[in-house]
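Structure first, then comments.
Every chain is numbered from 1, with letters handed out A, B, ... down the list of sequences.
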Amino acid sequence: MSKRKGGKRGLTPRAEDFSAWYNEVVQQAELADYSPVRGSMVIRPWGYGIWENMQRALDDMFKATGHQNAYFPLLIPMSFIEREKEHVEGFKPELAVVTHAGGKELDEPYVVRPTSETIIYAMYAKWVQSYRDLPLLLNQWGNVMRWELRTRLFLRTSEFLWQEGHTAHATAEEAEDEARMILGVYRRFMEEWIAMPPLTGLKSEAEKFAGAVRSYACEALMQDRKALQAGTSHMLGQNFARQFGLTFQNEEGREEYAWNTSWGVSTRLVGGMVMTHGDDVGLVVPPKLAPTQVMVVPIARGDDQAAAVMKKGDEIVEGLRGQGVRAAIDRRLHMSPGAKFFEWERKGVPVRVELGPRDLARGEAVVAVRVNEDGAPRKEAMSDAQVVAGMNDRLDALQARLLEAAIARREAATHRGEVSSVDELGELLDSGAGFVHSGWSGDPDVEARVKDATRATIRVIPGEEFRSASAPARCVGGGSAQMEVVWARAY
RNA sequence: CGGGGCGUAGCGCAGCCCGGUAGCGCGCCUGCUUUGGGAGCAGGAGGUCGCCGGUUCGAAUCCGGCCGCCCCGACCA
């Protein structure tokens, strides 16, 4: 909780208490609020608008790669969840179960979906008979529930919104390609839209999805140097196909089990965005995700001026919209310009245009970009025409600047030298390292021991493009290096 | 589930130790004046003090029980 009075003036600085800062930003930027139900949240219009922009971009990418949307029901028979052994073990502790309905106890309880593999593959089993029915490439947008012990807005709530893709293929190779292709889609989305550059790669056995053969993941580094698992893509093998009888006849007429993948990203991405770009003033929303990219703040003395300024402001907004910019004008008259400046900065609007009588007289407006290059002026006066004509470039430049800054932070917090002891890993993490590369023997006991000692886990066995130039020879916690891994403390 | 903290106006809090008709700041409403970095003045609305029980002439305050929320650790998108 903030010790600051009034709840409106200033945030706890990130350096003082990152966790408190995060909670304050989320609430003061009006992204979300606590709901009356423990562990769940209300997503407010500003936060939901950001999510909608994420959805639209991802949905386009899924469609472009051959997927279609469908919707499967919220309630899943308990017996379905219990079908796949690792899957039950993974999810049982966090299931919410419906035992009564219509005033009667149900014969078989339903679980509120924690994920939909079981119901979806049960349905696929009905729909797929022949290799000609494959691949089946569906996605669904929906909500899921996992009864979490400890929750945080966006990062971990009992109910959250996400998309889950589920595919069925005739061969293992094809399923493997799909899982990797989607990982690439996620990576591209995170870089291009959220300006949040993740590491991608494979999960260790201990960290993989319950029921998967292999899990791939995007891991992003937050400003407090903790990793956030931002998206996962799973190669499910034939595990679910076997349990749900998802079979097809191949070209030779033999019956085979299909190969599946599943993959998802959630509203957690909004939390990732907050922790990647936010500053001590408040939220910073990358232009491509901002529900409003440009907010015009009129400044006026008296009714006549107000009318003139509003008229000019409307013209600028129209001009911007004509350029495809999401622009709006803040017409509230009871609020002082200064108060509006603070409010829109707190909410992370990428660009503010200030328009007062002085500007009007000169045919100008003042442009203030939310995040500037070091040393660059905070505000710039320019002609109305320049405000409009230059806006897309200005937004693109900000988007690029945010990505560059995030990459620079990630690289600065990445340790790639040799690390040979558990103590050394702990010291590195304590002294400001985020991602630490090292060798690993592949022994899960080592991973567990390191976790106990340092609270760090293997976030990812990095894909080719994220591996060190020369593979680390030494292992944290002993053994001979079979592969390179990336350690971090994680959300 | 373990540890810590907190429940008093929409929000943030004081009052509680030492019982006596509930207060402050912000916000909100009305009016006037204001507006280039969180406006000013005046007037006003708003509370079963988390719930149940006990002690007492009298409980926000003391005692007992319950409930809820937040934060920190073990599991997780």
Please report the distance separating the P of B:G46 from the corresponding atom of B:G38, rounded so that it comes out in whole Å.
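Each nucleotide's P atom is 33 Å from the other's.
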A:F160 ring over B:A77 six-membered base ring, under 5.5 Å and 30°
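A:F160 vs B:A77: stacking yes.
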Comparing A:Q229 and A:R455 on RNA chain B - which has the more 5′ nearest nucleotide
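Nearest nucleotide further toward 5': that of A:R455.
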Students often get this wrong, so: under 4.0 angstrom with heavy atoms, is [X] touching a base, only sugar-phosphate, or nothing?
X	answer
A:R152	nothing
A:N23	sugar-phosphate
A:E345	base
A:L155	base
A:V144	nothing
A:K379	base

N/O (side chain, [X]) to phosphate O (OP1/OP2, [N]) under 4.0 Å:
X	N	value
A:K451	B:G73	no
A:R150	B:G73	yes
A:S336	B:G37	no

Residues in residues 262-298 of chain A with a heavy atom under 4.0 Å of RNA chain B, by number, are A:S266, A:R268
Counting distance alone, no hydrogens or angles: does the base of B:G37 have a donor or acceptor under 3.5 Å from a partner atom on the side chain of A:R378?
yes
Within 45 degrees of the ring normal and closer than 6.0 Å to the centroid, is that where the cationic atom of A:R352 sits relative to A:F341?
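Judged by the rule (NZ or CZ under 6.0 Å from the ring centre, within 45° of its axis), A:R352 counts as positioned above A:F341.
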Testing the basics here: between A:A217 and A:V460, what is the closest heavy-atom pair and its distance to 0.1 Å?
O-CG2, 4.1 Å
Indicate the atoms forming the closest heavy-atom contact of A:R489 with A:G426, along with that distance.
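Distance-wise, the nearest heavy atoms are NH2-O, 4.2 Å.
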